[in-house]
A.B. asks: 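Have a look at the structure that comes next, please.
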Protein chains: 2
Amino acid sequence: MRISELARRTGLSAHTLRFYEKQGLVSHRSRSESGYRDYDETDLRRVEFVRAARNVGFSLEDIATLLSIRVDKNSHSCEEVAGITRRKLAEVEARLRELRSMKKTLGILLDSCCGGPESAVHCSIMEALEHGQLSGPMSEPAGPVHRRANASVRQA
Amino acid sequence: MRISELARRTGLSAHTLRFYEKQGLVSHRSRSESGYRDYDETDLRRVEFVRAARNVGFSLEDIATLLSIRVDKNSHSCEEVAGITRRKLAEVEARLRELRSMKKTLGILLDSCCGGPESAVHCSIMEALEHGQLSGPMSEPAGPVHRRANASVRQA
DNA sequence: CTTGACCTTGGAGCCAAGTCAAAGGTTATA
DNA sequence: TATAACCTTTGACTTGGCTCCAAGGTCAAG
């Protein structure tokens, strides 16, 4: 199959597939005479693996590692795989703590503010930001828990 | 006061303060004869406002808007301020939903895996990623809830 | 007077994960 | 045969928030 069919079947864009190829995540068995990438079912399964891992929040770097394990499972242990997963979970949890703290503060701000068409001169949100006794910066900012920007919202 | 004192008093780096100046968030009343930025208490309060807003999760763009409200509160309403805050809260909540879903999936993966030194040939995490019946991509990926990269971890 | 810490500027680089554009070759359909 | 829809490549651009660099000027202490 060619790239656009693979794109259709995986829900990724052809752009993204080529990008993943550049990153060494995805490849193709061969090329057609005219130079088109030619994918088979094995390639498809690999891309689906990438997609599944990405949906769980793994970075492309993590995914590269997972793929290298995948192609030679005998030489790798559950420990490795679980380690990567545990690390990602810790990142996600750290980010969750940050966001929960933000959510709480934002909620308090909103509750304190009338939100009406009155002048902002006495706005309690502005006041709170001025004399910021709003919960501090939460020790160490968490590591990267990567955002999927606008994946799969390809428009024509 | 000069930039490094302002940096010390606000907990931001001098780099960051200059960067914020370039973004139009922060300024200084004047320059010393030799061209050094000269800040006063008013500038300090403005920077503290920026910092407070940033800690709550507002983007620099949001902060620019909030600052423009701050300098002329009479011409703005609580409604505007609350609107910005509500929008940010919605973003944070959307991102929280994503991350909670990831956390849940990662937890399930970890629970299913022995995590031991055994070969990964039968690793249940790998298997789950292969035949990904892992919760899909959550409709629309949430908007930007900006990360503070490594703020205030300035090293020499 | 020297040393070292500070300050100035503009611009480049970093991260992740794409996204797009240009300029052209190929193939399927009408 | 024309035309549209595909495919190819390289490489630059995006976003947000910094972070660093070079190359030089200023200033206070010893």
A.B. asks: Ion pair present between A/Arg18 and A/Glu21, side-chain N to carboxylate O less than 4.0 angstrom?
C.D. replies: no

A.B. asks: Does the A/Ser124 side chain pair with the main chain of A/Ser112, one donor and one acceptor, at a distance under 3.5 Å?
C.D. replies: yes

A.B. asks: Round to the nearest Å and state the distance from A/Arg51 atom CZ to C/dG18 atom P.
C.D. replies: 11 Å

A.B. asks: Does the structure place the NZ or CZ of B/Arg70 under 6.0 Å from the centre of the six-membered ring of B/Phe49, at an angle of no more than 45° from the ring's axis?
C.D. replies: yes

A.B. asks: May I ask you to check whether over 12 heavy atoms, not counting those of A/Glu61, lie within 6.0 Å of atom CD?
C.D. replies: no

A.B. asks: Please tell me if B/Ser34 has a side-chain N or O lying less than 4.0 Å from either OP1 or OP2 of C/dT8.
C.D. replies: no

A.B. asks: For nucleotides 5-7 of chain D, give me every protein contact, N/O to N/O, under 3.5 Å, one pair per line with atom names.
C.D. replies:
| from | atom 1 | to | atom 2 | distance (Å) |
| --- | --- | --- | --- | --- |
| D/dC6 | O3' | A/Ser4 | OG | 3.1 |
| D/dC7 | OP1 | A/Ser4 | N | 2.8 |
| D/dC7 | OP1 | A/Ser4 | OG | 2.3 |
| D/dC7 | OP2 | A/Ser4 | OG | 3.0 |

A.B. asks: Measure the distance from CG on A/Leu6 to P on D/dT8 and round it to the nearest whole Å.
C.D. replies: 11 Å

A.B. asks: Quickly work out the B/Phe19 CZ to D/dT15 C1' distance and round it to whole Å.
C.D. replies: 11 Å

A.B. asks: One thing to verify: whether A/Arg2 and A/Glu5 come together as a salt bridge, which I'm taking to mean a side-chain N less than 4.0 angstrom from a carboxylate O.
C.D. replies: no

A.B. asks: When the distance from CD of B/Glu61 to P of D/dT14 is rounded to whole Å, what number comes out?
C.D. replies: 15 Å

A.B. asks: Determine: side-chain N/O of A/Arg31 to OP1/OP2 of D/dT9, distance under 4.0 Å, yes or no.
C.D. replies: yes

A.B. asks: With a 4.0 Å cutoff (strictly under), does any side-chain N or O of B/Tyr20 reach OP1 or OP2 of D/dG17?
C.D. replies: no

A.B. asks: Between B/Glu21 and A/Lys22, who's closer to the 5' end of DNA chain C by nearest nucleotide?
C.D. replies: B/Glu21

A.B. asks: D/dT8 C1' sits how many Å from A/His28 NE2, rounded?
C.D. replies: 11 Å

A.B. asks: From the set C/dT9, C/dG18, D/dC21, return the single nucleotide nearest to any side-chain atom of B/His15.
C.D. replies: D/dC21

A.B. asks: What is the separation between atom CD on A/Glu91 and atom C1' on C/dC15, rounded to the nearest whole Å?
C.D. replies: 13 Å

A.B. asks: Salt bridge or not between A/Glu48 and A/Arg9? Use side-chain N to carboxylate O under 4.0 Å.
C.D. replies: no

A.B. asks: Any side-chain donor paired with an acceptor under 3.5 Å for B/Thr16 and B/Ser13?
C.D. replies: yes

A.B. asks: For the pair made of OH in B/Tyr39 and P in C/dC7, what is the distance, rounded to whole Å?
C.D. replies: 9 Å

A.B. asks: Would you kindly give the CG-to-C1' distance between B/Leu17 and C/dC7, to the nearest whole Å?
C.D. replies: 13 Å

